[in-house]
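Reviewing the structure listed below.
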Amino acid sequence: MARDLRLAWRHPDEAVLTVAFFALVASLFPLGIGAEPQLLARIGPGVIWVGALLAAFLALPGLFAADYADGSLEQMTLSPHPALGWAAGKIAAHWIVSGLPLTLLSPLIGLQYGLAPDTLLIQAASLAIGTPVLSLLGGACAALALGARGGGMLLALLALPLFVPVLIFGAGASEAQATGLSPAPHLSLLAAALIAALVGLPWAVGAAVRIAVD
């Protein structure tokens, strides 16, 4: 993880692109549909979550590609370190570089939609729980698509359908808060998905990468 974070610090273009894409997508909707406050407050949580999902996906193709191309990934698989460790580290670095900035930026984006402070808080909480799930699911899909012909298209076909439940529960938490309902069921389901992904997916990522480099 430390190595990936150092590389991201030295070459911040990918992280900047991810954040800029998220801000641009979320900011274009009010320009396109008008400035009617009630409409913006109604669609805001969903738009912010869709923007975060697409921005997180944008950073996925580079998760393993550079290390696969220069042989670093093969060295990792041959090293005595367990696959669980380096796979979890790379996914954690991906979330810190992509998911965490989106989470921190989301309250500012939400102000454009006139979201109430408690809704902004729930929005950030849902992204804090949901974006690690996106990184884990996306990491598994990126590992499966590694080295395949048309890997970018295959990655989209694998990852985007798996992201849909996270999108539904994440946006649903903010919408429930905005309408006076409890967001707890949605957040609980997101937390359950995160726990399940943490337990199972790093192993799957390590196994898929080993198959790709063999």
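All values derive from a computational prediction rather than experimental measurement.
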Pairs touching residues 43-63 that satisfy side chain to side chain donor-acceptor pair (under 3.5 Å), sequence neighbours left out = W49-S126
For L121, side-chain contact (heavy atoms from CB on, under 4.5 Å) partners two or more places apart | none
Step through the shown structure and confirm whether more than 12 heavy atoms of other residues, nucleotides or ligands are within 6.0 Å of CD on E36.
-> yes
Please report, to 0.1 Å, the donor-acceptor pairs under 3.5 Å made by any side chain of residues 188-211, with sequence neighbours excluded.
| residue | atom | partner | partner atom | Å |
| --- | --- | --- | --- | --- |
| S188 | OG | A184 | O | 2.8 |
| R210 | NH1 | T77 | O | 2.9 |

Could you state the interatomic distance from CG (L54) to CZ (F163), rounded to the nearest 0.5 Å?
-> 9.5 Å
Of all heavy-atom pairs between P101 and I96, which one has the smallest distance, and what is that distance?
-> CD-O, 3.2 Å
Counterpart residues, side-chain contact (heavy atoms from CB on, under 4.5 Å), relative to A124 (two or more places apart) | S106, P107
Which residues pass the side-chain contact (heavy atoms from CB on, under 4.5 Å) test with L40, sequence neighbours left out?
-> P30, I33, Y113
Compare every heavy atom of E175 with every heavy atom of G46, then report the nearest pair and how far apart it is.
-> N-OE2, 4.4 Å
Give, for atom CG of L108 and atom CG of L120, the distance between the pair rounded to the nearest 0.5 Å.
-> 9.5 Å
With sequence neighbours left out, which residue pairs that include part of residues 160-172 fulfil the side chain to side chain donor-acceptor pair (under 3.5 Å) condition?
-> none
Could you tell me which non-hydrogen atom of L187 sits nearest to which non-hydrogen atom of A173, and how far apart they are?
-> CD2-CB, 3.9 Å
Going from CZ on F57 to CG on L160, what distance comes out if it is rounded to the nearest 0.5 angstrom?
-> 5.0 Å
So salt bridge (charged side-chain N to carboxylate O under 4.0 Å, His left out) across residues 83-97, not counting sequence neighbours, yields D4-K90, D67-K90
Remaining members of hydrophobic cluster (4.5 Å side-chain criterion), V16 = none
Whether over 12 other heavy atoms sit under 6.0 Å from F29 CZ | no
With sequence neighbours left out, which residue pairs that include part of residues 125-144 fulfil the salt bridge (charged side-chain N to carboxylate O under 4.0 Å, His left out) condition?
-> none
Residues at least two apart in sequence or cross-chain that pass side-chain contact (heavy atoms from CB on, under 4.5 Å) with A178, listed by chain then number, are T119
Note: L144 and L158 closest approach over all heavy atoms is CB-CD1, 4.2 Å
Just wondering, do L167 and V50 contact through their side chains at under 4.5 Å, heavy atoms?
-> yes
Approximate separation, where rounding is to 0.5 Å, of I91 CD1 and L134 CG | 12.0 Å
Members sharing L181's hydrophobic cluster, built from side-chain contacts under 4.5 Å between Ile, Leu, Val, Met, Phe, Trp and Tyr, are none
What's the shortest heavy-atom distance between L162 and P165, and which atoms?
-> O-CD, 3.3 Å
Closest contact, heavy atoms only, T18 versus S98 | CG2-CB, 4.1 Å
Which residues share a side-chain hydrogen bond (donor to acceptor under 3.5 Å, both in side chains) with S135, sequence neighbours left out | H94
Mind checking whether L115 and L111 have side chains closer than 4.5 Å, heavy atoms only?
-> no
